[in-house]
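All of these numbers come straight from a predicted model, not from anything done at the bench.
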Amino acid sequence: MTGLSRTSADLDPRRRRILYRCWHRGIREMDLVLGQFAEAEIAGLNEAELDALEVIMAEEDNDLVKWVTGAAPTPERFRTTLFDRIASYRPDFDPVTAATLRTAE
């Protein structure tokens with residue numbers, strides 16, 4: 001999946017905004033993770049989950065991709081069921097780490 005395939009016509013304005021922001025993050029890896037998650041689950045999230053998702057979305061993409069891929073430990077505040085659900089949408093890519101950069105030389 002490389003972009004939005006779900007219609008947002010049936011969503012309220014808040015969910016539309018979140019869905020758009022999930023697909024337009026700044027780095028493609030997080031577009032894929034958050035975009036796929038939002039596309040599949042946004043309609044069924046309750047208000048508390050939407051609040052939590054917006055808190056997650058406020059984090060830096062570089063940090064999020066490290067936590068989702070396991071390249072860095074997930075902070076305690078994000079060790080939640082919602083974050084685990086988001087991380088399960090991880091696309092098939094290898095994280096770039098200092099170790100992988102050294103082996104590529």
Side-chain angles (χ1 to χ4, degrees):
M1 179 176 296
T2 59
L4 184 64
S5 62
R6 180 199 199 289
T7 180
S8 62
D10 63 329
L11 299 176
D12 61 78
R14 182 182 187 193
R15 284 180 170 78
R16 285 182 192 164
R17 184 177 57 253
I18 291 171
L19 179 61
Y20 179 86
R21 287 178 48 214
C22 283
W23 274 116
H24 297 86
R25 296 292 307 170
I27 65 172
R28 190 64 181 152
E29 292 85 354
M30 288 316 301
D31 289 352
L32 294 171
V33 172
L34 287 173
Q36 288 179 39
F37 170 79
E39 192 163 316
E41 309 234 0
I42 194 79
L45 296 178
N46 63 39
E47 292 299 314
E49 290 170 323
L50 291 173
D51 292 343
L53 177 56
E54 288 182 314
V55 168
I56 291 168
M57 291 170 57
E59 293 295 317
E60 292 292 325
D61 282 340
N62 289 325
D63 293 333
L64 286 171
V65 78
K66 290 175 189 172
W67 302 333
V68 166
T69 63
T74 304
E76 184 67 35
R77 70 185 182 279
F78 292 126
R79 292 185 194 152
T80 64
T81 304
L82 179 66
F83 193 86
D84 290 343
R85 286 169 49 200
I86 292 168
S88 73
Y89 284 86
R90 178 177 53 222
D92 186 19
F93 60 84
D94 294 324
V96 175
T97 64
T100 60
L101 288 174
R102 281 192 297 274
T103 59
E105 294 175 344

Measure the spacing between [atom1] of [X] and [atom2] of [Y] and express it to the nearest 0.5 Å.
X     : Y     : atom1 : atom2 : result
Arg14 : Arg17 : CZ    : CZ    : 7.0 Å
Arg25 : Leu34 : CZ    : CG    : 5.5 Å
Leu32 : Trp23 : CG    : CH2   : 5.5 Å
Leu19 : His24 : CG    : NE2   : 9.5 Å
Asp63 : Thr74 : CG    : OG1   : 11.0 Å
Leu53 : Leu45 : CG    : CG    : 6.5 Å

How close do [X] and [Y] get, counting heavy atoms only, and between which atoms?
X     : Y     : value
Asn46 : Glu49 : OD1-N, 2.7 Å
Ala52 : Leu82 : CB-CD2, 3.6 Å
Ile56 : Leu64 : O-CD1, 3.6 Å
Val65 : Glu29 : CG2-CB, 3.7 Å
Leu11 : Ile42 : CD1-CG2, 3.8 Å
Val68 : Ala87 : CG1-CA, 4.1 Å

Checklist outcome for this item: So the ring pair (Phe, Tyr, Trp, His ring centres under 6.0 Å) pairs with at least one residue in residues 34-68 (sequence neighbours excluded) are Phe37-Tyr89, Trp67-Phe78
Checklist entry - Yes or no on side chain to side chain contact (heavy atoms under 4.5 Å, CB included) for Gln36 and Glu39, after CA distance, side-chain angles and deciding distance? => result CA-CA 5 Å; Gln36 288 179 39; Glu39 192 163 316; 5.7 Å; no
Checklist entry - Partners of Arg15 by side-chain hydrogen bond (donor to acceptor under 3.5 Å, both in side chains), sequence neighbours excluded? => result Asp12
Checklist entry - For the side chain of Glu54 and the backbone of Asp51, is there at least one donor-acceptor N/O pair under 3.5 Å apart? => result no
Item to check | ILVMFWY cluster, Val33 and Tyr20 together (side-chain gap under 4.5 Å) | outcome: no
Next on the checklist: Tell me whether the count of non-hydrogen atoms from other residues, nucleotides or ligands lying under 6.0 Å of CD in Glu60 goes above 12.
Outcome noted: no
